[in-house]
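Counting begins at 1 with the first residue of the sequence.
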Amino acid sequence: MKRKKKSKFPAKYVLLIMTIFCLVIIGCSVKLSWSSTAANTVVGYVIIPMQKGINYAGGLLTDIRDNFVSKQELMQENEELKEELASAREELNQIQIDQDELKQLQVLYDMDQTWSDYDKIAASVIGKDSGNWFSTFVIDKGTNDGVTEGMNVIADGGLAGIVTSVGPNYATVRSIIDDSSNVSCKDLSTSDLLIVSGSLQSMNESGLITFSDLSDSDDAASVGDQIVTSNISDLYLPGIPVGYITEITLDSNKLTKSGTVATIVDFEHLEKVFVILQTKDSTTEDEGE
């Protein structure tokens with residue numbers, strides 16, 4: 001058997017019936033000359049509650065409308081604030097980028113003034129080996145810019161490394177922290193010679209590299225002394241700052257000392273460098289002539 005569908009009585013019909021009912025009551029009161037007491041009773045029990053209900057419903061609808069309008073306004077204001085915040089963040093990021101670039105240019109300018117006796121070219125680091133440190137890295141200058149193997153690379157006012165291979169528009173640099181790097185240096189305070197060796201293990205452990213073969217002279221080296229490249233280096237131009245002694249230990253032979261050096265160059269955040277456009281060999285030849 002089919003189930004009968006429940007009839008839905010529209011609300012508008014209820015309102016129509018109530019309106020007709022009210023009109024009938026009003027008509028009866030006029031026709032039959034109801035007493036004021038009877039009319040007041042009907043009004044009190046029927047008309048006034050209906051009026052209150054209608055007023056309440058109207059007020060509720062008004063509140064809903066106002067709330068809807070307020071919500072729409074808040075949503076629009078929220079979107080505008082989001083756009084303003086995004087624009088402000090973009091401007092702030094651009095300011096930070098500009099400040100970083102200005103700082104890098106200032107460092108390059110200072111290095112250019114410090115090494116004004118050498119011809120050099122600025123370059124950007126465009127690649128590196130795996131790991132946290134720039135033990136070997138690639139720059140965006142090559143043979144087209146006059147860069148050749150053996151040229152010294154400086155950054156942050158100190159020795160960064162040496163060019164080991166070159167292409168038309170790029171070059172690979174082995175930094176002084178690489179395990180295969182050994183630089184003949186001297187203590188600027190005592191003029192004692194020593195060998196500064198790269199060590200990624202030491203860099204990972206303490207952020208330092210090592211030195212060895214420092215002579216145990218009477219004019220002893222001390223912590224804090226500056227280390228620079230020496231005149232007898234085969235690969236590096238003389239007098240380029242390398243770093244500062246942080247620890248000294250007397251070797252078991254009682255004749256030499258070894259220890260650690262803090263590099264001047266930040267080998268964790270290399271971005272801009274200078275390539276000195278001459279090699280140690282060419283400098284020696286020029287001096288001989």
Side-chain angles (χ1 to χ4, degrees), residues 111 114-115 117-118 129 131-137 149-164 172-268 270 273 276 278-288:
M111 282 196 296
T114 302
W115 304 99
D117 293 339
Y118 292 116
D129 58 341
N132 297 329
W133 305 101
F134 285 75
S135 58
T136 59
F137 55 92
E149 291 184 18
M151 288 183 171
N152 295 181
V153 178
I154 57 177
D156 301 332
L159 180 64
I162 191 168
V163 175
T164 55
T172 301
V173 180
R174 183 185 68 225
S175 74
I176 62 172
I177 68 169
D178 188 75
D179 290 332
S180 61
S181 175
N182 292 286
V183 184
S184 176
C185 298
K186 71 173 182 179
D187 186 320
L188 199 59
S189 299
T190 66
S191 295
D192 290 331
L193 299 178
L194 64 152
I195 300 297
V196 174
S197 302
S199 173
L200 291 178
Q201 179 179 350
S202 180
M203 288 294 293
N204 287 326
E205 292 174 353
S206 60
L208 305 172
I209 55 177
T210 61
F211 74 84
S212 59
D213 296 335
L214 175 64
S215 62
D216 186 23
S217 62
D218 293 334
D219 189 12
S222 59
V223 171
D225 286 356
Q226 185 176 25
I227 303 302
V228 300
T229 53
S230 70
N231 294 330
I232 66 172
S233 174
D234 294 332
L235 301 175
Y236 296 94
L237 299 169
I240 302 177
V242 173
Y244 298 90
I245 294 178
T246 57
E247 183 181 1
I248 302 176
T249 303
L250 182 63
D251 295 333
S252 58
N253 59 20
K254 306 298 182 180
L255 298 175
T256 59
K257 296 178 179 179
S258 58
T260 55
V261 174
T263 62
I264 292 176
V265 177
D266 180 1
F267 285 102
E268 194 174 8
L270 272 182
V273 299
I276 299 177
Q278 63 186 89
T279 62
K280 182 64 180 292
D281 291 340
S282 65
T283 303
T284 303
E285 292 174 0
D286 291 341
E287 290 176 352

**Prompt:** Should Ile227 and Lys186 be marked as a side-chain contact (heavy atoms from CB on, under 4.5 Å) after you check the CA-CA gap, both sets of side-chain angles, and the distance that decides it?
**Reply:** CA-CA 6 Å; Ile227 303 302; Lys186 71 173 182 179; over 6 Å; no
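- For Asn152 (side chain) and Leu237 (main-chain N/O), a donor-acceptor pair under 3.5 Å exists by modelled atom type.
- Residues forming a side-chain contact (heavy atoms from CB on, under 4.5 Å) with Asn182 (at least two apart in sequence, or on another chain): Ile195, Ser197.
- Taking each heavy atom of Ser230 and Lys280 in turn, the nearest pair found is O-NZ, 4.5 Å.
- Nearest heavy-atom pair across Ser199 and Asp179 is CA-OD1, 3.4 Å.
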**Item:** Working for side-chain contact (heavy atoms from CB on, under 4.5 Å), residues Leu270 and Phe137
**Value:** CA-CA 9 Å; Leu270 272 182; Phe137 55 92; 3.7 Å; yes
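- Of the inter-residue distances, the one linking Asn132 atom CG with Phe267 atom CZ reads 14.5 Å to the nearest 0.5 angstrom.
- The minimum heavy-atom distance between Gln278 and Met151, with the atom names listed, is N-CE, 3.8 Å.
- Between Ile240 and Gly158, the shortest heavy-atom contact is CG2-C, 4.2 Å.
- Ser180 meets the side-chain contact (heavy atoms from CB on, under 4.5 Å) test with Arg174, Asp178; sequence neighbours excluded.
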**Item:** Full working for side-chain contact (heavy atoms from CB on, under 4.5 Å) between Leu193 and Ile232
**Value:** CA-CA 9 Å; Leu193 299 178; Ile232 66 172; 3.6 Å; yes
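- Proximity of Asn204 to Trp133: side-chain heavy atoms (C-beta onward) are separated by under 4.5 Å at one or more points.
- Counting only heavy atoms from C-beta outward, the side chains of Ile162 and Val173 never approach each other to under 4.5 Å.
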**Request:** Tell me, with the steps shown, if Val265 and Phe134 meet side-chain contact (heavy atoms from CB on, under 4.5 Å).
**Result:** CA-CA 10 Å; Val265 177; Phe134 285 75; over 6 Å; no
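- The minimum heavy-atom distance linking Ile264 with Pro241 is given by the pair CD1-CB, 3.3 Å.
- Taking 4.5 Å as the limit, every side-chain heavy atom of Asp213 sits out of range of all side-chain heavy atoms of Leu194.
- Counting heavy atoms from C-beta on, the side chains of Ile176 and Val242 come closer than 4.5 Å.
- The nearest pair of heavy atoms linking Cys185 to Val196 is SG-CG2, 3.6 Å.
- With sequence neighbours excluded, the residues forming a side-chain contact (heavy atoms from CB on, under 4.5 Å) with Asn231 are Pro238, listed by chain and number.
- You'll find the side chain of Thr210 stays beyond 4.5 Å of the side chain of Val261, heavy atoms only.
- When side chains are defined from C-beta on, Thr256 does not count as touching Leu214, because their heavy atoms never get closer than 4.5 Å.
- Under the 4.5 Å side-chain criterion, counting only non-hydrogen atoms from C-beta, Val163 is not in contact with Thr172.
- From Thr263, atom OG1 reaches atom CD1 of Ile177 across 7.0 Å, with rounding to the nearest 0.5 Å.
- Residues Ile245 and Asp187 meet the side-chain proximity criterion, which asks for heavy atoms closer than 4.5 Å.
- For residues 232-249, the side-chain hydrogen bond (donor to acceptor under 3.5 Å, both in side chains) pairs, not counting sequence neighbours, are Thr246-Thr260.
- A donor-acceptor pair under 3.5 Å is absent between the side-chain atoms of Asp251 and the main chain of Asn253, judged by distance alone.
- Applying the salt bridge (charged side-chain N to carboxylate O under 4.0 Å, His left out) test to every pair with at least one member in residues 252-268, sequence neighbours left out, gives these pairs: Asp216-Lys257.
- When the side-chain contact (heavy atoms from CB on, under 4.5 Å) test is applied to Ser206, the partners found at least two apart in sequence or on another chain are Ser202, Leu208.
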